[in-house]
Protein chains: 2
Amino acid sequence: MGRTRIKPGKVRLTEVAELAGVSPITVSRFFRNPDTVSPGRRARIESAAKELGYVPNLAARALASQRTEVIGVLIPSLTNNVFADLLRGIYDAFEGSRYGIQLANTRYSVLQEERLLQLFLMQKPAGLIVTGQDQTAEGRTVIEAADCPVVQIMELGADPIDMMIGFSHVDACYAAISHLLGQGCRRIGFIGARMDPRVQRRLQGYQKAMKDAALFDPRLIVTAPVPTSATMGGSLFSDLLLKAPDLDAVFCANDDLALGVLFECQRRHIAVPEQVAIVGFNDMEFMAAAVPSLTSVRTNRYDMGRRAATMIMDAIEGRPVAQRVVDLGFEVIQRESSTLQRAAATLPPQAGRISGTKW
Amino acid sequence: MGRTRIKPGKVRLTEVAELAGVSPITVSRFFRNPDTVSPGRRARIESAAKELGYVPNLAARALASQRTEVIGVLIPSLTNNVFADLLRGIYDAFEGSRYGIQLANTRYSVLQEERLLQLFLMQKPAGLIVTGQDQTAEGRTVIEAADCPVVQIMELGADPIDMMIGFSHVDACYAAISHLLGQGCRRIGFIGARMDPRVQRRLQGYQKAMKDAALFDPRLIVTAPVPTSATMGGSLFSDLLLKAPDLDAVFCANDDLALGVLFECQRRHIAVPEQVAIVGFNDMEFMAAAVPSLTSVRTNRYDMGRRAATMIMDAIEGRPVAQRVVDLGFEVIQRESSTLQRAAATLPPQAGRISGTKW
DNA sequence: TTGTACGCGTTATCAA
DNA sequence: TTGATAACGCGTACAA
């Protein structure tokens with residue numbers, strides 16, 4: 001038979017209630033919403049709890065209430081700095097709230113993502129933040145089964161699961177290429193690594209811009225499925241130089257690639273931007289510090305995290321969510337590495353902005 | 001009275017058991033350890049579960065079993081790239097295991113840490129990974145109350161809570177300075193930002209090395225409490241040049257600072273390493289790609305994460321943990337930015353290694 | 001290998 | 001504002 005499993009030292013709600021001379025439910029109320037308990041009992045409960053060292057049992061709470069305060073966050077990479085800013089935004093927004101973030105890493109695999117969503121489901125999360133829009137059909141089913149507010153981040157697209165916040169990678173890259181075209185560049189290369197869905201869409205933007213300008217040439221594109229890094233930027237650029245020696249600019253799908261290209265140019269004594277202009281993507285911190293400073297496409301990752309978190313909380317707590325699909329836009333931050341006209345060259349750093357948004 | 005709260009569509013263990021024609025406990029066993037159920041029933045249970053779309057309820061499981069499979073991880077920053085590698089190691093090691101990682105961000109605040117530990121405690125985590133050894137007394141009490149295996153990472157020190165894995169920041173920095181001294185540098189500056197406990201210890205190592213060489217001069221030290229960045233590296237280096245114009249080397253407490261120093265040198269046309277040698281700390285990926293390539297102190301962050309995770313799992317599952325305190329050591333990776341002697345200059349990159357460990 | 005009986009610690013529901 | 005009662009879904013302990 002199920003014998004008694006009572007462990008002596010354990011402090012439950014009941015013990016606190018006894019010591020405080022109230023019923024357990026009152027103690028429960030005190031912990032969830034102190035204002036619903038009269039001041040006198042409030043004080044008694046508080047001191048009783050402190051005296052006994054009471055710690056609420058979240059499992060029991062979740063079982064009884066049929067919900068948790070867990071927010072599941074699914075991102076494809078912990079290494080990619082892009083997600084650091086995003087996460088900072090998310091963590092900042094949830095700071096001091098009652099929600100706890102549970103972070104999972106899909107490693108750019110939709111199957112991993114599916115499995116991780118299954119695990120989240122067992123926890124009955126209060127909300128879900130997932131990266132991108134390329135979930136499997138199975139994955140979407142699981143998300144829907146979770147029956148909680150969901151925000152898809154990083155991208156925009158048709159058919160959102162619930163809410164969505166991001167920007168158009170196609171448009172952002174198109175704007176970057178347009179900027180280079182505006183600077184007089186014609187033989188603009190594209191280098192990209194890892195080639196996840198978002199980088200693929202940047203490549204689409206590149207192709208569209210080059211085709212629209214009747215300058216498209218497949219030899220100008222060099223990609224690799226490996227993780228992005230400065231070293232890889234240097235080697236992809238070297239490959240590109242072989243395929244297209246008459247290159248006059250390079251768009252890098254990530255900033256670390258751009259940094260590697262800059263160093264490779266220094267190594268080969270290629271003048272930037274005079275011989276080759278460089279544009280990166282994401283506008284990481286070091287881009288402004290580089291010599292020459294490096295042009296990049298700024299994306300509002302921190303804001304994206306914050307707002308995604310806010311949208312989730314609003315939805316959970318029944319507040320109306322003004323916009324269920326938010327376009328955060330982007331901005332081409334022009335710096336020395338792509339400033340070729342005399343007039344433009346005298347602008348202060350970061351003065352040149354080409355921004356895009358659907359608002 | 002507590003009326004029935006039964007929601008019709010809900011699938012519990014019981015429903016699966018009924019459909020499969022077995023008792024609930026058998027289904028329970030099937031999900032936790034399929035091998036303990038006979039193949040015939042196994043198949044019936046599996047198809048019944050699939051048919052009903054059964055999802056285990058983790059809260060109920062945790063309540064009944066009095067434990068969870070949550071591993072709490074506490075790190076001070078998501079922005080600092082150092083932690084990205086560490087986390088990758090941790091996530092890789094737990095990959096495919098039954099444990100789930102819950103990540104919390106202390107933002108370099110011991111009070112935040114204390115609060116977050118409290119939150120973990122309510123979940124009854126199976127294990128805890130915490131950064132550093134500077135918990136408050138309260139924090140240590142909470143950790144001990146969690147009554148689970150604990151690994152402190154990043155540093156080594158006396159008085160571990162339970163297990164510990166890291167390296168000596170004092171020794172690592174001492175080795176880096178010794179390397180510069182060996183290259184003939186005498187006026188070696190120190191620049192550091194954020195000044196968390198580990199950076200403080202690097203500063204101690206610097207001071208010890210300089211004092212041992214009778215070359216200590218407080219004017220050679222410039223620090224700032226702000227987050228580390230390339231831009232900050234440039235500006236701290238500029239400050240340092242004002243205080244010590246006769247500088248012949250700079251040790252940077254973080255690699256992004258070193259990158260900023262390199263760019264500042266390029267901007268000022270200071271030859272690296274001939275006029276100023278540069279050494280960084282952590283050996284981030286871009287250090288090898290830079291022109292000139294940048295010397296740094298390699299720390300085994302990925303390994304640290306992996307091994308911390310392994311130690312935790314071993315401890316949880318009752319396997320003996322060979323070493324409860326692990327010194328991972330470090331390695332000074334000598335590159336062009338600190339290679340001043342003719343002989344050394346012909347060495348291939350990364351050929352120079354000065355490693356330190358207590359093994 | 002399978003089943004029986006019960007308890008895990010909390011909250012929902014309804015009544016006072 | 002407070003309390004009585006039952007239920008949340010599962011695993012442990014023991015027996016067969």
Side-chain angles (χ1 to χ4, degrees), chain A residues 1-45 49 52-69 98 121-124 126, chain B residues 1-45 49 52-69 98 121-124 126:
Chain A
M1 300 158 290
R3 295 290 158 283
T4 173
R5 299 182 236 163
I6 307 154
K7 280 157 198 167
K10 296 191 62 169
V11 182
R12 292 165 305 170
L13 215 47
T14 317
E15 274 77 69
V16 178
E18 269 168 21
L19 183 59
V22 299
S23 80
I25 189 66
T26 306
V27 179
S28 170
R29 288 193 183 107
F30 167 80
F31 277 103
R32 287 173 298 154
N33 206 340
D35 306 329
T36 59
V37 176
S38 64
R41 303 189 184 214
R42 202 148 52 188
R44 293 218 308 280
I45 293 170
L52 297 172
Y54 170 69
V55 176
N57 181 323
L58 287 190
R61 181 177 286 180
L63 180 59
S65 69
Q66 297 286 64
R67 50 201 173 64
T68 67
E69 284 160 359
R98 51 201 232 182
L121 188 56
M122 313 198 322
Q123 306 204 38
K124 304 188 184 300
Chain B
M1 301 156 289
R3 293 291 158 285
T4 173
R5 298 182 235 165
I6 307 153
K7 281 158 198 165
K10 297 191 61 170
V11 183
R12 292 165 304 170
L13 216 45
T14 317
E15 274 76 68
V16 178
E18 267 168 22
L19 183 60
V22 299
S23 80
I25 189 64
T26 305
V27 179
S28 169
R29 288 194 181 105
F30 167 81
F31 278 104
R32 286 172 299 149
N33 206 340
D35 307 327
T36 59
V37 175
S38 63
R41 303 188 185 217
R42 203 148 51 190
R44 294 219 307 282
I45 293 170
L52 297 173
Y54 171 68
V55 176
N57 182 323
L58 286 192
R61 182 179 285 181
L63 181 58
S65 69
Q66 296 285 65
R67 50 199 174 65
T68 67
E69 284 160 359
R98 51 204 233 181
L121 189 56
M122 312 198 323
Q123 306 205 36
K124 304 188 185 301

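Lettering of chains follows the sequences in order, A, B, ..., and the numbering in each one begins at 1.
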So if I take every side-chain heavy atom of Ser65(B) and compare against dT12(D), dT10(C), dG9(D), which nucleotide ends up nearest?
dT12(D)
Interatomic distance where CD belongs to Glu15(B) and C1' belongs to dC10(D) [whole Å]
13 Å
Expected output: side-chain Arg29(A) to main-chain Val37(A) donor-acceptor under 3.5 Å:
no
Are Ser23(A) and dT2(D) close enough that a side-chain N or O sits under 4.0 Å from OP1 or OP2?
no
Nearest to the side chain of Ile25(B), heavy atoms from C-beta on, is which of dG3(C), dT10(C), dC8(C)?
dG3(C)
OP1, OP2 of dG7(C) versus side-chain N and O of Gln66(B): anything below 4.0 Å?
no
Can you list the residues that meet the side chain to side chain donor-acceptor pair (under 3.5 Å) rule with Glu18(A), with sequence neighbours excluded?
none
Take atom CG of Leu63(A) and atom P of dG9(C), then tell me their distance rounded to the nearest Å.
12 Å
Leu19(B) side, atom CG; Arg44(B) side, atom CZ - distance, nearest 0.5 Å
10.0 Å
So, the side chain of Ser65(B) versus the backbone of Arg61(B): is there a donor-acceptor pair under 3.5 Å, distance only?
yes
Is the backbone N or O of Ala60(A) less than 3.5 Å from a side-chain atom of Asn57(A), with the two atoms forming a donor-acceptor pair by type?
yes
How many whole angstroms separate atom CZ of Arg61(A) from atom P of dG9(D)?
18 Å
Looking only at the side chain of Asn57(A) (C-beta and beyond, no hydrogens), which of the listed nucleotides dG9(D), dG9(C), dG11(D) gets closest?
dG9(C)
Under 4.0 Å: is that the gap between some side-chain N or O of Thr26(B) and OP1 or OP2 of dG3(C)?
yes
Please report the distance, rounded to the nearest Å, between CD in Gln123(B) and C1' in dT10(C).
16 Å
Proximity to DNA chain D (any heavy atom under 4.0 Å), residues of residues 28-44 of chain A only
Arg29(A), Thr36(A), Val37(A), Ser38(A), Arg41(A)
If you check every side-chain atom of Arg12(B), which of dG9(D), dG9(C), dG3(C) has the closest atom?
dG9(D)
What is the distance, rounded to the nearest whole Å, between atom CZ of Arg67(B) and atom P of dG9(C)?
15 Å
Figure out the CG/C1' separation between Leu58(A) and dG9(D), and round it to whole Å.
17 Å
Carefully, step by step, assess Arg41(B) and Val27(B) under the rule side chain to side chain contact (heavy atoms under 4.5 Å, CB included).
CA-CA 9 Å; Arg41(B) 303 188 185 217; Val27(B) 179; over 6 Å; no
Polar side-chain atom of Thr68(B) near backbone of Lys124(B) as donor-acceptor pair, under 3.5 Å
yes
